[in-house]
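All residue numbers refer to positions in the sequence shown, counting from 1.
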Amino acid sequence: MKLSESQRNGAFALLLSLLLLTVGLGLEQTRSLERVDLLLYDLLLPLQAGPMSDQVVIIAIDDASLEQLGRWPWSRRRHAQMLDKLTQMKPAAVGFDILFSEPQRDDPQADQLFAEALGRNGRAVLSVAPALYRPGQLISEILPLPDLAVRAAAIGHVDAELDLDGLCRRVFLYSGLSDARWPALTLAMLQVADKAPTLPGSELPPKMPAVSEDWTRDHSLLIPFANRSEPPKIYSWVDVIEGRVRPTQIRGRYVLLGATAAGLGDALSTPAAGAHELMPGVVLNAHILNALLHNDRIQSLSSPISGLITGCLALTVALVLILSPLRLGLLLSSLLAVLTLALSLGLLIWERLWFAPAAALSVSLIGWPLWSLWQQGLDVRLRQQLQAQLEHQARFHPASGLPNHAMLEDQLRALESLTSPDQPVAGLMVIHFDWPGSASTTLGRPLGDELLLKIGERLRRLAGEDQFVAHLNGDDFGVVLTGLDEPVQVRQLASRLLAQLRQPMPMEQEMLLLAPQIGVSVWPGDGQDAMGLLRNAYTAMFKSRIDDSDDLCIYSDDIGRQLRVRSQLEQSLILALERDEFSLQFQPQVCAQSGDLVGLETLLRWNNPQLGWVSPETFIPVAEHVGLIVDIGYWVLDKACRQLREWRDEGLNPPRIAVNVSPLQFADPNLELSVRAIVDRAGIEPADLELEITESSLMSEVDRAITVMRRIKQQGMELAIDDFGTGYSSLSNLRNFPLDRLKIDQAFTREIGNSRESSEITLTILAMGRRLGLRVIAEGVETEEQANFLRWHGCDEFQGYLFGRPMDADQIEQLLRRNL
């Protein structure tokens, strides 16, 4: 029986109501729009923000305290000193947002002193936290040392809960292993002060610590962050210790101690912080403490009630759309969306309940388009187009139109089914594109979809229709080479493709120079499954990028081992400064004519407990790659200047000391100010210090280099070009540099007498030095023949094994004493 138009409309109206109800409840129950709900919560949260209590005080381990009291971690003696100071000021409670789980091995008495201070105070709360989870390991608790725990008034957890988007919005008032027995740090402080708010089930029986795979949490509350314009009162640690904070500013207040300095403690993203700002954990605890003091708690609506509200709103949207004229549908749907937000805000402000509105809002947003499309007879075609679009997006990259990462994995999995002894050979290329020689880079134009599209078209054309080409992500592409008989064919095809990709590519009004770097793995030798083959190809490509190689990189077990070693090197290097693994050696520099000691070049050495002695040629490039070279460079400079001061204080007469400045350190805009501060702090004369700058650092930005060097010279320090002869300096450039000395690179010195070209370059450098009135020092002098040649042609100073190997500070001290 054929339905009439009104019957079809009635049927669709019923279907629309059921659809909106199903969608709303489905989104509500599955929390599919959780990110949207979190965003809406963050937008509404400031509208309910209250004041920060003046009872909340933070004593911060800030940059000023670290600068005056020394690098973190501090001795427990400092914590004992602070706690005794606070005991005299009589706070209501003291909370340490600091973990004291490891004994202080370098000063065992410090832990006892801190424990005694805890006992004297009687109102201090220590922190417990879950240990960092690693695959294959059980979660455990990081508890205070037993001697400290028994003296503390209470123990509270500092466990932070992060939402799906990585922001911290809620706190669990109780957490622990197996059962939630630890109160939050701030709740424990209120319990110590007998000011804890009444919470259902808040009195939990204490239990023995346990190790389990389950970290249990209870009493989840959304944090009602205080107004941004009223931050908690923060006093610097050093100000409290030195008496610049009055007792009346502490008495009767709740004091939190923790780190606010960058790089110390935990810093979390919260909706109460500005864009891209992190909130230190101690400040987060201040907001939690403020909420508990005001007995202000925001609860999320239970799932049944939230679902009931969402269902009612969905049915209301359907009813309004069905009963209203089509031309008013959009306006009324928008109005219902606004009312939904108003309902959520009203519950938040007046009832302290959070109703997540995203599911209800989605119903308001999709209801009118569905009803409108049905009325216009377009729903079938739209669904077909939408389905096709979703399928295409799921399998193809939107920028280039090439198959995406998922399709490449499917293609590779097909290789796993080929298990016959004479299975064909296949290869996988992962290609990363750079374009350092193009005008686009110079002009700073970002990588756009049009460029990716053109790269994809060229790659597909060059690879051929028989080969599978995929766009993996950003500027990485993949090519699967199939139908081959021998592994050598993979290298041949990949080499030919690499050469073709290097050809200039027209892009608008310019020719773009691609700089592809290709990693290759071969099936079946380099992987027994699709993921292994892909991982190995990526490994080879990454090795090519690290080496900045223009050639192919074919995966091998050796490459895998090299990258694992490099990874170990990077991880060890990150902590090397903190663990005091670096040391300095000094190599003598002597007068060419008299042989007298005229200088000492500072050389950095690294001894790691696991890796042993690591050569500078190995770890310096890695330090530059991970961004540590600037910190290491200033450490070397400070250590060398202090050593020079020690020699002077012992009545010795040390010569100038030379310190290398890395290219990245030379690019530091605060270089000259930092160097002067180090010199002044060490108490030496600026003329005692010579900075050695590589030739490449000067030639990258000549005008800036001249400006920086002149500022350094104005402070009285000497300047030298290190490894001279390996760059592109001209006489005209050198004339503008305020230099004192040129250092001939040892690569030329060691070839004197063996290479005519090296000898001529050496003579040219000596001639340039004379014309510019600069002294010239030769590195790597190891034989009398080299020394006589250089001395005969006017070299001023020597450095090399012939006159002294690198020595530690004690050996240099002995040398200086012999020269007295």
Side-chain angles (χ1 to χ4, degrees), residues 52-102 104 106-107 109-127 129 144-145 148 151-153 156 158 185-186 188-189 192 231-268 278-290 578 681:
M52 173 63 69
S53 172
D54 60 358
Q55 295 298 302
V56 179
V57 172
I58 293 175
I59 297 179
I61 303 169
D62 55 8
D63 291 327
S65 300
L66 292 174
E67 182 176 359
Q68 185 162 339
L69 300 179
R71 180 184 298 174
W72 184 263
W74 293 336
S75 169
R76 302 277 162 79
R77 293 176 182 270
R78 295 199 184 280
H79 299 297
Q81 179 187 11
M82 172 57 75
L83 192 54
D84 285 337
K85 186 80 172 181
L86 292 176
T87 301
Q88 299 172 8
M89 296 181 175
K90 299 180 180 180
V94 177
F96 281 88
D97 189 8
I98 305 169
L99 296 175
F100 300 105
S101 59
E102 297 290 337
Q104 187 164 338
D106 58 340
D107 187 5
Q109 189 179 4
D111 287 334
Q112 180 61 32
L113 293 175
F114 186 37
E116 293 171 359
L118 289 169
R120 288 190 293 271
N121 180 271
R123 308 182 76 81
V125 182
L126 298 183
S127 297
L145 294 172
L148 302 181
R151 300 292 186 93
V158 288
L185 176 67
T186 51
M189 292 172 64
V192 166
K233 185 63 179 177
I234 300 178
Y235 300 118
S236 175
W237 184 293
V238 70
D239 288 341
V240 176
I241 289 297
E242 295 183 0
R244 291 190 287 272
V245 177
R246 298 188 304 275
T248 56
Q249 296 173 289
I250 300 296
R251 184 177 300 117
R253 290 174 169 80
Y254 298 87
V255 179
L256 286 161
L257 295 93
T260 61
L264 294 184
D266 292 329
L268 305 172
L278 297 178
M279 179 180 289
V282 68
V283 178
L284 176 66
N285 277 318
H287 284 274
I288 299 171
L289 179 57
N290 177 66
E578 179 181 339
R681 193 161 54 242

What distance separates Thr87 OG1 from Ile250 CD1, expressed to the nearest 0.5 Å?
12.0 Å
Using distance alone, with no hydrogens and no angle criterion, decide if Asp62 and Ser65 have a side-chain donor and acceptor under 3.5 Å apart.
yes
Would a 4.5 Å heavy-atom cut-off, applied to side chains only, mark Thr260 and Asp63 as touching?
no
CG-NZ distance between Leu256 and Lys233, expressed to the nearest 0.5 angstrom:
15.5 Å
In terms of the angle between their ring planes, are Phe96 and His79 parallel, tilted or perpendicular, with boundaries placed at 30° and 60°?
perpendicular
Go through Leu148 and Leu118 one step at a time and tell me if the side chain to side chain contact (heavy atoms under 4.5 Å, CB included) criterion holds.
CA-CA 7 Å; Leu148 302 181; Leu118 289 169; 4.0 Å; yes
So, the side chain of Arg151 versus the backbone of Gln112: is there a donor-acceptor pair under 3.5 Å, distance only?
no
Determine which pairs satisfy side-chain hydrogen bond (donor to acceptor under 3.5 Å, both in side chains) with at least one residue from residues 247-257, sequence neighbours left out, and list them in order.
Tyr235-Gln249
What distance separates Asp97 CG from Ile61 CD1, expressed to the nearest 0.5 Å?
9.0 Å
Met82 versus Ile59: any side-chain heavy-atom pair under 4.5 Å?
yes
With side chains defined as the heavy atoms from C-beta onward, is the minimum distance between Arg123 and Val94 less than 4.5 Å?
no
Return the minimal non-hydrogen interatomic distance between Val158 and Ala129, and the atom names on each side.
CG2-CB, 3.9 Å
Closest heavy-atom pair, Ala261 versus Leu66, reported as atoms and distance to 0.1 Å, is CB-CD1, 3.6 Å
State, to 0.1 Å, how close Ala117 and Asp84 come at their nearest heavy-atom pair, and which atoms those are.
CB-OD1, 3.5 Å
How long is the span from the CD1 atom in Ile98 to the CZ atom in Arg76, to the nearest 0.5 Å?
9.5 Å
OG of Ser53 to CG of Asn290: how many Å apart, nearest 0.5 Å?
5.5 Å
Which atom pair, heavy atoms only, marks the closest approach of Gly156 to Val125?
N-CG1, 3.7 Å
For Ser75 and Ala110, work out which heavy atoms get closest and say how close.
OG-CB, 3.7 Å
Note: Asp107-Arg77 ion pair, threshold 4.0 Å (strictly below)
yes
Taking atom CH2 of Trp237 and atom CD of Gln81, what is their separation to the nearest 0.5 Å?
8.5 Å
A side-chain contact here means heavy atoms from C-beta on lying under 4.5 Å apart; do Val255 and Leu86 qualify?
yes
With sequence neighbours left out, write down each residue that passes salt bridge (charged side-chain N to carboxylate O under 4.0 Å, His left out) with Glu242, or none if nothing qualifies.
Arg244
Considering non-hydrogen atoms only, spot the tightest contact between Met189 and Ala93 and give its length.
O-CB, 3.5 Å
Minimum side-chain heavy-atom gap Gln104-Asp106 below 4.5 Å:
yes
